[in-house]
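Quick note: residue numbers are just sequence positions, from 1. One-based numbering, in listed order, for ligands and for the atoms of each.
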Amino acid sequence: MREENRIPSCQRLYAEINLDAIRSNLEQMKAGLSPKTKIIAVVKADGYGHGAIPIAKELENFEGLWGFAAATAEEAILLREAGISSPILVLGYVFPCYYERMIEEEIRVTVFRKDTLTELSCACRELEKKGIRKKAKIHIKIDTGMNRIGIKPVETELDFVDRAFQTEGIEVEGIFTHFARADEADKTSADSQLSAFCSFLKLIEEKRGYQIPLRHCSNSAAIMELPEANMDAVRAGVAMYGLWPSEEVMRSCGLKDGTPSGKNKVSLTPALSLFSRIVCVKEIGPGEAVSYGGCFVAERKMRIATIPAGYGDGYPRGLSGKGYALICGKKAPVLGRICMDQFMADVTDIPEAAEGTLVTLIGRDGAEEITMEQLGELSGRFNYEFACCLGKRMPRVYIKDGSFSSLWEEGQNF
Ligand SMILES: *Cc1c(COP(=O)(O)O)cnc(C)c1O
């Protein structure tokens with residue numbers, strides 16, 4: 001039975017994020033790393049929808065953590081404003097208007113364009129005029145096959161590396177690449193990206209004599225399945241939140257019914273649950289339609305419950321007529337179309353369901369569980385995307401050491 005009193009009973013909808021699960025998922029990944037490999041916790045897109053700030057605060061003292069990765073300059077600044085003092089790397093391109101701020105706040109910028117080097121150097125001089133003497137710490141991005149951002153791992157690009165090392169005001173702290181297909185069962189593509197990266201590192205070291213302290217390439221899938229790619233650091237994203245990078249990785253690493261099923265044994269715990277409460281229960285008769293478009297028409301007498309969650313909260317409209325919620329430990333199928341803020345579910349066979357009853361949209365209720373992977377599949381949404389799309393208008397509630405710890409709402413300082 002849930003401890004009803006540990007959560008706000010007046011919330012129409014809220015996400016419960018278990019910080020203990022996030023720690024445990026990181027521990028699981030860390031267990032497969034060599035002690036010298038540091039972890040970069042990826043908290044982009046507001047921590048994959050889980051809340052970047054509370055998670056970063058929780059993990060700052062995690063043993064073996066190097067720091068955090070964000071996707072944008074704004075995300076990195078929000079972390080600094082919240083008091084996060086660990087290193088932060090911005091994984092995407094940062095526009096020049098942010099360079100002074102990045103240097104001042106010691107936020108690491110990903111670099112792959114020559115103009116960035118020049119502009120960072122300028123920003124550094126500007127800061128010096130204001131009495132701030134800091135270097136721009138950069139990580140050079142190598143494109144080994146994504147064809148997204150990065151310089152090519154070819155000998156002619158050693159000029160770029162030279163320029164990075166020779167530009168006044170710049171400190172080359174890291175170098176990294178990103179796998180396009182590490183989450184597939186066949187690692188041929190990931191292996192060839194890895195060897196392209198390693199060859200380029202060798203060129204840098206042997207032809208130029210540069211030592212770059214932080215070399216990293218692994219995402220969650222590679223952490224779990226490509227131990228040879230763990231260098232000075234790894235970037236842990238989706239798996240930290242207890243989500244699987246892909247079906248293939250889950251099959252090869254996951255536990256089936258609590259027992260190891262594949263070669264690598266990783267037990268991930270989903271960190272996020274999503275709860276709501278029934279606000280209206282009513283009976284309808286045969287021939288009555290439910291929701292917009294009248295897509296669902298009852299064939300018999302039914303009891304239906306209205307649940308105050310909808311696509312405005314990131315509960316996808318694609319679940320119309322397909323999804324289900326858990327009520328009193330039983331499955332309640334979605335009836336008709338999901339609206340922006342509400343939807344209806346069938347509680348004909350759940351007589352205990354009443355106004356005020358807790359509804360589990362994602363998570364566990366008794367023996368039943370709904371995962372983000374399942375809802376993603378039903379609604380045609382990738383699990384990463386499902387997490388990121390969860391609406392900002394619902395509060396996030398945090399569980400730590402097994403009990404309710406705090407509430408985070410937009411605009412509220414944690
Ligand atoms: C998002 C991202 C990651 C994390 O990937 P996961 O699959 O979530 O572990 C790592 N590196 C880069 C460059 C990314 O953009």
Check your understanding: Short list, please: which atoms of ligand 1 are under 4.0 Å from a heavy atom of Val238?
Key ->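 In order of numbering, the contacting atoms are 6 (P), 8 (O), 9 (O).
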Exercise for review: For Tyr48, counting its heavy atoms only, list the atoms of ligand 1 lying under 4.0 Å from any of them.
Suggested key: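 Atoms satisfying the 4.0 Å criterion: 1 (C), 4 (C), 5 (O), 6 (P), 8 (O).
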Looking only at protein heavy atoms, which one is nearest to [atom], and how far off is it?
atom	answer
atom 1 (C) of ligand 1	Lys44 NZ, 1.4 Å
atom 7 (O) of ligand 1	Tyr384 OH, 2.7 Å
atom 10 (C) of ligand 1	Arg235 NE, 3.4 Å

Exercise for review: Return yes or no for this condition: an N or O of Ala236 is under 3.5 Å from an N or O of ligand 1.
Suggested key: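 No, since none of the N or O atoms of Ala236 sits under 3.5 Å from an N or O of ligand 1.
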Exercise for review: Among Glu106, Glu171, Glu104, find the residue that satisfies the salt bridge (charged side-chain N to carboxylate O under 4.0 Å, His left out) test when tested with Lys134.
Suggested key: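 Result: among Glu106, Glu171, Glu104, Glu106 is the only option passing the salt bridge (charged side-chain N to carboxylate O under 4.0 Å, His left out) with Lys134.
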Check your understanding: Does Phe95 have its ring centroid less than 6.0 Å away from the ring centroid of Tyr93?
Key ->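 Distance test on ring centres: under 6.0 Å, yes.
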Point to revise | Over all atoms of both residues, closest heavy-atom pair of Leu158 and Lys207 | key: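 Between these two residues, the closest heavy atoms are CD1-CB, 4.3 Å.
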Check your understanding: Side chain, backbone, both or neither: which part of Arg148 comes within less than 4.0 Å of ligand 1 when only heavy atoms are counted?
Key ->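 Side chain only; the backbone of Arg148 stays clear of ligand 1.
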**Study point:** Mode of Ser220 contact toward ligand 1 - side chain, backbone, both, neither (heavy atoms, under 4.0 Å)
**Key:**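 It is both parts that get close, each with some atom under 4.0 Å.
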Exercise for review: Identify whether NZ of Lys or CZ of Arg in Lys141 sits under 6.0 Å from the centre of the six-membered ring of Phe112 and within 45° of that ring's axis.
Suggested key: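 No, Lys141 does not lie over the aromatic ring of Phe112.
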Exercise for review: Would you mind telling me which of Arg215, Arg108, Glu173 makes a side-chain hydrogen bond (donor to acceptor under 3.5 Å, both in side chains) with His139?
Suggested key: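 That would be Glu173.
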Exercise for review: Measure the acute angle between the ring planes of His216 and Phe176, then classify it against the limits of 30° and 60° as parallel, tilted or perpendicular.
Suggested key: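 Ring orientation, 0 to 90° scale: parallel.
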